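Here the structure comes first, spelled out in structure tokens, and everything after it is commentary.
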Amino acid sequence: MCLRRISNNYYNQYKIYFVSNGIDYIDNSNFLVSGSHDEINQLFTINNSVDSINLYIIEKLWDSHVGYTNSISTNNVAVLRDYIFNSTTPHEIGHALGLYHTHEDSNKVKLDGSDCSISGDLICDTPPDPGLNEENVVNCKYVGDSRYNPLVDNLMSYSPCRTKLTNGQVWRIRQTIKNNEVIRKTLNTTHELNFINWKFDKSSSVCLNQSKTFILENIPTDCFVTWKVSDNITIKTSNNSSVEINLNNLNFESYLKAILLIDSRFYTFYLRLNQLEHPLESNLTLESFKSTPIYLGRFTNITARYNSIIDVGQLGYTWEWSVPSSQVIYHSPNYSYIHVSPIGTPSSLYIQVKASNECGCTNWKGKWFKVEPAPDDCIDCPTKGGEIHY
Ligand SMILES: [Zn+2]
């Protein structure tokens, strides 16, 4: 709706976004005019929502005020109806998000070169501002006291040309959003949830009888985390953002869940765990194409199997080979076969292989293969030259 758009028009350029959390109507004309701090603070107790910045639209405030916040860093803002669509609303939102006026009283101290981080608006890239108005800002040019060189476009001034924030102001807003208890609660939680993600070493695999730590990143600071695991896993240690688990046996399904309690709602983050074992050479076998010898002048396929299975990437192993004096064609390191063509005329070749994964590595597994000339009438056997016969 329009109010959201008004603030977004000013703030989106700094990657700060507002979403509407609904509109209420307060059916009581007594609150149209607030004649004092007490009266406006009473209004701020009505239909107030802690998970939003509450913008109250009224008709009149005391003196000539056109907007009001009950403090710096607050979720309560009031703006006069006639000013709601100009820079007053984003200016008041600036106060709500932790910004002082650029002409904040002691700001003049900045002229003495005193520490800008503890005087004035507490921001170092806003120059001293004597207090801007329609007399000392003409056609968006400052024409007042020449000791000053204020920003006439700064949203937190009283300049008629205010539209912008400085980097320092944007930084202070981000600090407020991050650290202020009241403002943190107004964050759009579903948006915040997008930043939570799993972090782990190498992959989401776990090794049998080995421990591994999983971290959930970007959890909101005031959020409580409960960890849950499948039956075959035990939790060794945990805190509010990480968990160390041990895989005790292989199961149909292994998982890790983090259940987050945010603003009295539960959110579950599920991680399916790939189960791995330390590979053993006793499970490895080696064979040649159709159990033929390795033929001279041809590329013969040598295949390793793990538990009788040829790995074409699905088992997750990395395969390493040791082949004496031969031309060798390797494929993916995750594939368990190679093509071998002997150099010279050896009578046999001792070929070795080993498999490794995140859990560890087998010892070398070797096998002797006979080497022979290919039969003249060899049709269904490894082909000549570079052509590969599977
Ligand atoms: Zn103000």
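Counting convention: from 1, in listed order, for ligands and their atoms alike. Sequential numbering from 1 along the given sequence is applied to the chain's residues. Keep in mind the model is a prediction, meaning the values are calculated, not measured.
- The CH2 atom of Trp368 sits 4.5 Å away from atom OG of Ser348, with the distance rounded to the nearest 0.5 Å.
- For the atom pair Ile84 CD1 and Ile57 CD1, the distance stands at 4.0 Å (nearest 0.5 Å).
- The cluster map of Ile, Leu, Val, Met, Phe, Trp and Tyr, joined by side-chain heavy atoms under 4.5 Å apart, puts Ile26 and Leu80 in the same cluster.
- Below the 2.8 Å limit, the Zn ion (ligand 1) has as protein N, O or S neighbours His91 NE2, His95 NE2, His101 NE2.
- Judged by the 6.0 Å distance and 45° axis criteria, Lys202 is not positioned over the aromatic ring of Phe200.
- Counted within 6.0 Å of CH2 on Trp227, heavy atoms from surrounding residues, nucleotides or ligands total more than 12; the atom is thus considered enclosed.
- Aromatic ring centres of Phe44 and Tyr56 lie closer together than 6.0 Å.
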